[in-house]
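Order of appearance sets the numbers: ligands from 1, and atoms from 1 within every ligand. Numbers here simply count residues along the sequence, with the first being 1.
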Amino acid sequence: MRIDIVSVIPEILKGPFSNSIIKRAINKKIIEIYLHDLRKYGLGKRKKVDDYPYGGGSGMVIRIEPVYRCFHKLFSERNYDEKIFMTPDGNIFSQKYAYEFSCKKNIIILCGRYKGIDQRIRENLISKEISIGPYVLSGGELAAAVVVEAVTRLLPGVLNNPDSMITDTFQIGSIPPPPLYTRPLIYKGLSVPRILLSGHHQKIKDWFYKKSILKKKI
Ligand code: ADE
């Protein structure tokens with residue numbers, strides 16, 4: 001899978017992509033991630049990417065030309081299955097979207113900044129508008145990192161133990177994951193439930209199920 005991320009501050013994304021699961025997926029050539037600096041496609045000597053909003057109001061708006069140029073350069077090289085815009089007023093990201101995106105071959109993610117982007121970009125260059133939650137970040141970069149992480153861990157060969165991905169489905173199904181315990185058996189008087197040491201697989205499964213159901217928020 002290939003992901004192209006377009007941003008005014010692509011440096012923000014270097015950290016999240018050079019560690020842990022994403023780094024491993026890149027090294028294993030399961031995923032390719034390319035960061036594009038929108039400013040490279042900016043206007044004039046100063047590589048301007050934003051301007052004042054028509055009709056007035058505070059804050060700057062990202063102009064269409066730099067985004068159009070950057071996208072069309074990428075379109076001329078390959079087809080994109082999805083062109084995603086990260087924005088607080090988009091559709092709320094969920095595990096369902098993560099599965100959907102993980103099945104695509106090439107996607108572009110555009111990160112917003114400033115007050116927003118020209119509506120003509122949203123209407124003509126974007127196929128999905130995604131929010132990671134009902135709060136406003138200073139830009140879409142950290143939101144894009146969240147999407148990329150959730151998608152990457154679903155790609156075959158990324159997780160060492162694919163079982164942990166299967167149990168993730170607990171979280172998108174009707175019940176939450178059960179409580180988990182590891183060593184030590186007892187810590188400052190706090191002990192692990194005895195049932196987990198019983199060796200009765202069916203009883204343990206039933207216990208996990210019961211605990212999951214009890215955690216379900218209604
Ligand atoms: N950009 C700013 N806030 C955001 C959010 N909550 N989700 C996605 N992109 C954003």
Side-chain angles (χ1 to χ4, degrees), residues 1-22 25 31-42 47-71 74 80-104 106-155 168 171-172 217:
M1 178 180 193
R2 172 179 171 126
I3 304 180
D4 289 273
I5 304 180
V6 179
S7 157
V8 183
I9 316 178
E11 291 76 23
I12 296 176
L13 290 162
K14 286 189 180 152
F17 295 164
S18 40
N19 291 287
S20 187
I21 283 189
I22 299 182
I31 191 163
E32 291 173 81
I33 301 175
Y34 295 91
L35 303 178
H36 304 276
D37 187 350
L38 190 62
R39 220 166 277 285
K40 248 183 70 184
Y41 301 86
K47 298 288 175 195
K48 195 174 166 57
V49 294
D50 59 343
D51 223 317
Y52 295 98
Y54 277 122
S58 62
M60 301 294 271
V61 176
I62 292 187
R63 295 174 61 125
I64 189 170
E65 304 97 313
V67 179
Y68 184 94
R69 288 180 196 161
C70 178
F71 273 41
L74 294 170
Y80 285 90
D81 308 301
E82 207 76 82
K83 284 101 52 185
I84 300 165
F85 173 49
M86 302 309 307
T87 176
D89 61 347
N91 298 304
I92 298 289
F93 186 62
S94 63
Q95 193 67 15
K96 202 175 116 260
Y97 275 121
Y99 279 115
E100 188 183 320
F101 297 156
S102 73
C103 298
K104 311 287 182 191
N106 301 314
I107 64 176
I108 298 182
I109 302 180
L110 173 64
C111 305
R113 274 268 144 192
Y114 313 120
K115 194 183 167 68
I117 64 172
D118 190 298
Q119 183 63 21
R120 290 166 290 185
I121 303 172
R122 298 174 78 144
E123 287 174 6
N124 298 285
L125 293 170
I126 295 297
S127 58
K128 282 223 167 59
E129 299 188 334
I130 296 290
S131 162
I132 61 160
Y135 40 80
V136 181
L137 305 169
S138 304
E141 289 79 9
L142 294 179
V146 167
V147 170
V148 171
E149 160 103 20
V151 168
T152 302
R153 62 199 308 287
L154 296 176
L155 299 174
D168 280 351
Q171 296 164 31
I172 58 160
K217 296 180 187 73

*Ignoring angles and geometry beyond distance, decide whether Ser138 reaches within less than 3.5 Å of ligand 1 through its nitrogen or oxygen atoms.*
no
*Within less than 4.0 angstrom of ligand 1, does Leu142 place any heavy atom?*
no
*Going by the atom numbers of ligand 1, which of them fall below 4.0 Å from some non-hydrogen atom of Pro88?*
1 (N), 2 (C), 3 (N), 4 (C), 5 (C), 6 (N), 9 (N), 10 (C)
*Once you round to the nearest 0.5 Å, how far does OH of Tyr68 lie from CG of Asn124?*
9.5 Å
*asked:* Using the rule side-chain contact (heavy atoms from CB on, under 4.5 Å), only one of Asp4, Val6, Ile5 pairs with Leu110; which is it?
replied: Val6
*With a 4.0 Å cut-off on heavy atoms, does Gly112 reach ligand 1?*
no
_Give me the nearest non-hydrogen protein atom to atom 9 (N) of ligand 1 as residue plus atom name, then the distance to 0.1 Å._
Thr87 N, 3.2 Å
*Could you list the atoms of ligand 1 found under 4.0 angstrom from a heavy atom of Leu137?*
2 (C), 3 (N)
*asked:* Considering non-hydrogen atoms of the protein only, which is the closest contact for atom 6 (N) of ligand 1, and what is the distance?
replied: Tyr135 O, 2.8 Å
*Check for a donor-acceptor pair, side chain of Asn106 on one end and backbone N or O of Asp81 on the other, with a separation under 3.5 Å.*
no
*Could you tell me which atoms of ligand 1, counted from 1 in the order shown, lie closer than 4.0 angstrom to a heavy atom of Ala143?*
7 (N), 8 (C), 9 (N)
*For ligand 1, find out whether one of its N or O atoms is nearer than 3.5 Å to an N or O atom of Gly133.*
yes
_At less than 4.0 angstrom from any non-hydrogen atom of Gly139, what atoms of ligand 1 do you find?_
1 (N), 2 (C)
*asked:* With heavy-atom distances below 4.5 Å as the criterion, would you say the side chains of Val147 and Ile3 are in contact?
replied: no
_How close do Ser131 and Pro88 get, counting heavy atoms only, and between which atoms?_
OG-O, 3.4 Å
_Chi angles and distances behind the salt bridge (charged side-chain N to carboxylate O under 4.0 Å, His left out) call for Asp37, Lys47_ = CA-CA 11 Å; Asp37 187 350; Lys47 298 288 175 195; over 6 Å; no
_Val151 and Met1, any side-chain heavy atoms less than 4.5 Å apart_ = yes
*asked:* Considering non-hydrogen atoms of the protein only, which is the closest contact for atom 7 (N) of ligand 1, and what is the distance?
replied: Ile132 N, 3.0 Å
*Which of the numbered atoms in ligand 1 are below 4.0 angstrom from a heavy atom of Ile130?*
8 (C)
*Does the pair His36 and Leu74 meet the rule for a side-chain contact (heavy atoms from CB on, under 4.5 Å), with working shown?*
CA-CA 10 Å; His36 304 276; Leu74 294 170; 3.7 Å; yes
